[in-house]
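A short worksheet on the structure shown next.
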Amino acid sequence: MQNILNKIKGIYPLSKAQLEQLLGIMQRVEIPKNTLIIRAERTEKSIYFIEKGIARAFCEGAESQITFWFGMEGDLILSYNSYINDRPGYESVELLENSVLYEIKTATLEALFKEDAAFANWGRKLAELELIKSEECFIGRLFKTATERYSELLRDNPALVQRIQLGYIASYLGVTQVTLSRIRSEIK
């Protein structure tokens, strides 16, 4: 559970009692690979921290799935629209490996936010940090080439690149697998 503790503590300072209270509302779940943990057009009622495993978020395109996010140990899985607006999300999230997740029911988390300002601040900071990551990804897609984005992925998450199918990485970069193979050969 160290990956999750590091993530939680890095979001916003909580007292030892508050940290224990937050951990107390988490449920450990083991889920096999290829499971859709979040489904598009459905209002999700939970968020998940990844203790072990890899996940990808995608949307259905006209002819294929378009991957726009990868998560691994310590990362958070959630549908933003469900979490923030209690509305159906636009994304699906699939587990790419057998995974150990810690689930928090959104309603239980909301109750903590209402009873304690520290929890509310933790939740606000969590949303802000996730928004910044989304913004960085969006800006990267607008202003960086696929080669630059792949180099960044290699630099920042080398283990992730080793654990994900090339087709998903190509989709994430917005290129074909042939183009990704060319990019990979140029970088070596």
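Basis for what follows: all heavy atoms, side chains included, without hydrogens, waters or symmetry-related copies. Just so we're clear, the structure is a prediction, and the values are computed from it rather than from any experiment.
Under the 6.0 Å distance and 45° angle rule, Arg56 does not count as a cation-pi partner of Phe70.
Salt bridge present: Lys133 and Glu130 bring a charged side-chain N and a carboxylate O closer than 4.0 Å. Arg124 has a carboxylate O that lies under 4.0 Å from a charged side-chain N of Glu128, or vice versa, which qualifies the two as a salt bridge. Looking at Glu97 and Lys33, no side-chain N of the basic residue comes within less than 4.0 Å of a carboxylate O on the acidic one, giving no salt bridge.
Scored by the side chain to side chain donor-acceptor pair (under 3.5 Å) test, Glu136 finds no partners at all (sequence neighbours excluded).
The two atoms that bring Gly89 and Asn81 nearest to each other are CA-CB, 4.1 Å, heavy atoms only.
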Residue pair Ser151, Glu148: steps toward the side-chain hydrogen bond (donor to acceptor under 3.5 Å, both in side chains) verdict: CA-CA 5 Å; Ser151 294; Glu148 289 169 328; over 6 Å; no

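Contact check for Phe119 versus Tyr12: no side-chain heavy atoms found under the 4.5 Å cut-off. Counting heavy atoms from C-beta outward, Arg141 and Tyr172 have side chains that approach closer than 4.5 Å. With a 4.5 Å cut-off on side-chain heavy atoms, Phe68 and Glu91 count as touching.
The neighbour count for Lys144 NZ, taken as heavy atoms of other residues, nucleotides or ligands under 6.0 Å away, does not exceed 12.
Remark: of the listed residues Leu78, Ile37, Thr35, Leu36, Ile37 is the sole one forming a side chain to side chain contact (heavy atoms under 4.5 Å, CB included) with Val93.
When the side chains of ILVMFWY residues are joined at heavy-atom separations under 4.5 Å, either directly or via intervening members, Leu23 and Ile77 end up in a single hydrophobic cluster.
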